[in-house]
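One structure is given below, encoded as structure tokens.
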2 protein chains.
Amino acid sequence: MEQVDIFKALANQTRLQMLEWLKEPEINFPGQKEYGYDQGICVGQLQAKANLTQSTVSEYLSILQRAGFVKATRKGQWTYYKRDEAAFERLSKLISTTL
Amino acid sequence: MEQVDIFKALANQTRLQMLEWLKEPEINFPGQKEYGYDQGICVGQLQAKANLTQSTVSEYLSILQRAGFVKATRKGQWTYYKRDEAAFERLSKLISTTL
DNA sequence: CAAATATATCGACTTTTCCCGATATGTAGA
DNA sequence: TCTACATATCGGGAAAAGTCGATATATTTG
């Protein structure tokens with residue numbers, strides 16, 4: 001993944017928002033309480049909150065995943081996405097040193 | 001300036017490259033040696049290195065300036081651009097804390 | 001002030017991104 | 001296996017970004 005693609009992934013308001021939501025799943029996705037938050041948040045929950053079509057949200061999550069910001073876990077018919085905090089730390093360091 | 005616009009400014013290969021060049025002006029712009037590097041690098045030097053038209057380079061620098069990554073100084077008929085390191089530090093912190 | 005030079009802005013065209021609906025794929029349960 | 005549901009992928013139209021050439025706006029110098 002090129003450096004520029006990392007920034008392209010962040011160059012969209014909705015995608016930024018989704019990353020912020022995923023930072024506090026308990027607060028932003030109370031609907032998933034009964035299934036727990038360890039595995040992440042499923043696409044449907046994110047779609048409901050983003051108010052975009054299912055295909056768009058799926059695509060956006062894929063972009064974020066390719067850029068490394070989220071990790072996906074398939075469980076049954078659901079795919080759960082959660083942040084990969086290490087990616088943010090890496091990017092933070094890259095910006096303060098290399099860039 | 002919105003957060004997303006900061007990332008949009010970085011979501012372009014040429015603009016990223018220009019920022020990298022400006023990190024080591026002495027190395028990347030030897031042609032400007034006689035005028036010194038304190039004030040920054042003028043548009044013409046950047047254009048020559050970027051191999052794009054003057055208008056494009058000017059536009060790109062303006063985008064980087066609006067996002068806060070570079071500062072412009074007009075001196076005579078030249079406009080010199082230099083990095084604002086504080087902006088990178090701010091962004092780095094934002095990514096490791098807020099984002 | 002006229003000419004020369006550096007940069008900025010404008011208008012247009014091309015490429016990329018955004019975002020959708022339709023459809024395909026994967027999984028669970030009757 | 002048939003159906004239902006969650007997600008992924010595909011194809012396309014609209015909007016935004018990339019990039020150019022032409023032109024406008026400084027600024028310096030003769």
Side-chain angles (χ1 to χ4, degrees), chain A residues 1-19 21-22 29 31-32 34-36 39-67 69-82, chain B residues 1-19 21-22 29 31-32 34-36 39-67 69-82:
Chain A
M1 176 71 40
E2 296 279 347
Q3 227 176 70
V4 67
D5 295 307
I6 309 258
F7 290 116
K8 281 185 184 179
L10 299 178
N12 174 276
Q13 186 60 60
T14 304
R15 287 195 295 269
L16 279 182
Q17 185 124 72
M18 294 199 296
L19 289 174
W21 288 337
L22 289 174
F29 303 96
Q32 194 164 304
E34 36 193 326
Y35 306 102
Q39 51 203 333
I41 300 296
C42 71
V43 181
Q45 297 273 330
L46 280 154
Q47 190 211 333
K49 206 166 171 68
N51 205 29
L52 289 171
T53 62
Q54 186 270 321
S55 60
T56 299
V57 171
S58 178
E59 165 79 3
Y60 280 8
L61 286 167
S62 164
I63 289 170
L64 290 174
Q65 186 189 17
R66 279 197 299 275
F69 293 114
V70 298
K71 282 196 180 325
T73 314
R74 181 108 202 192
K75 276 250 171 68
Q77 44 191 341
W78 292 275
T79 308
Y80 295 94
Y81 286 91
K82 66 183 310 188
Chain B
M1 176 70 41
E2 296 280 346
Q3 228 176 70
V4 67
D5 294 307
I6 309 258
F7 290 117
K8 281 185 184 179
L10 298 178
N12 174 277
Q13 186 60 60
T14 303
R15 288 195 294 270
L16 279 182
Q17 184 126 71
M18 293 199 296
L19 289 174
W21 288 337
L22 287 174
F29 302 96
Q32 194 166 303
E34 36 193 327
Y35 306 102
Q39 50 204 332
I41 299 296
C42 71
V43 181
Q45 298 272 329
L46 280 153
Q47 189 210 334
K49 207 167 169 66
N51 205 28
L52 290 171
T53 61
Q54 186 270 319
S55 60
T56 299
V57 172
S58 179
E59 165 79 2
Y60 280 9
L61 286 167
S62 165
I63 289 171
L64 290 174
Q65 186 189 18
R66 279 197 297 275
F69 293 115
V70 297
K71 282 197 181 324
T73 313
R74 181 109 200 191
K75 277 248 171 70
Q77 45 190 337
W78 291 275
T79 308
Y80 294 94
Y81 286 89
K82 67 184 306 187

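Quick note on labels: first sequence line is chain A, next is B, and so on, each numbered from 1.
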Let me know the distance between CD of B:Q47 and P of C:dT7, rounded to the nearest Å. 9 Å
Answer yes or no: side-chain N or O of A:Q54 and base N or O of D:dA8 forming a donor-acceptor pair under 3.5 Å. yes
I need the CG-P distance between B:L10 and D:dG18, as an integer number of Å. 12 Å
For the side chain of A:R74 and the backbone of A:G76, is there at least one donor-acceptor N/O pair under 3.5 Å apart? yes
If I take atom CD in residue A:E59 and atom P in nucleotide C:dC20, what distance separates them, rounded to the nearest angstrom? 12 Å
Output the rounded distance in Å from OH (B:Y60) to C1' (D:dC20). 11 Å
The side chain of A:V43 is closest to which nucleotide in this list: C:dT16, D:dA22, D:dT7? D:dT7
Need one value for B:Y81: base, sugar-phosphate or nothing, where a base atom within 4.0 Å counts as base even if backbone is also close, heavy atoms only. sugar-phosphate
Starting the side chain at C-beta, find the nucleotide from C:dG26, C:dC10, C:dC20 nearest to A:Q77. C:dG26
Test your reading of the model: is there a side-chain donor-acceptor pair from A:R15 to the backbone of A:L61, 3.5 Å cut-off? no
Whichever of B:W78 and A:C42 has its nearest DNA chain D nucleotide further upstream toward 5': A:C42
Has B:T56 got a side-chain N or O lying under 4.0 Å from the OP1 or OP2 atom of D:dC20? yes
Roughly, in whole Å, what's the span from CD in A:Q13 to P in C:dT17? 18 Å
When you match B:Q45 and A:N51 each to their closest nucleotide on DNA chain C, which lands nearer the 5' end? B:Q45
Using OP1 and OP2 only, check whether a side-chain N or O of A:R74 sits under 4.0 Å from D:dA6. no
Separation of C:dT17 P from B:F7 CZ (nearest whole Å): 17 Å
Name the nucleic acid region contacted by B:Y80, choosing base, sugar-phosphate or nothing; use a 4.0 angstrom heavy-atom cut-off, strictly under. nothing
Which listed nucleotide (D:dA17, C:dA8, D:dT19) is nearest to the side chain of B:T14? D:dT19
D:dT9 C1' sits how many Å from A:L61 CG, rounded? 14 Å
A:S55 side chain N/O closer than 4.0 Å to the phosphate oxygens (OP1, OP2) of C:dC19? no
What is the distance from CD1 of A:I63 to P of D:dT9, rounded to the nearest Å? 12 Å
B:I6 and B:F69: CA distance, side-chain angles, deciding distance, side chain to side chain contact (heavy atoms under 4.5 Å, CB included) verdict: CA-CA 9 Å; B:I6 309 258; B:F69 293 115; 3.5 Å; yes
Tell me, with the steps shown, if A:K71 and A:Y81 meet side chain to side chain contact (heavy atoms under 4.5 Å, CB included). CA-CA 6 Å; A:K71 282 196 180 325; A:Y81 286 91; over 6 Å; no
Taking only N and O in the side chain of A:N12, is any of them less than 4.0 Å away from OP1 or OP2 of C:dC19? yes
Hey, does the side chain of A:Q47 reach the backbone of A:L52 with a donor-acceptor pair shorter than 3.5 angstrom? yes
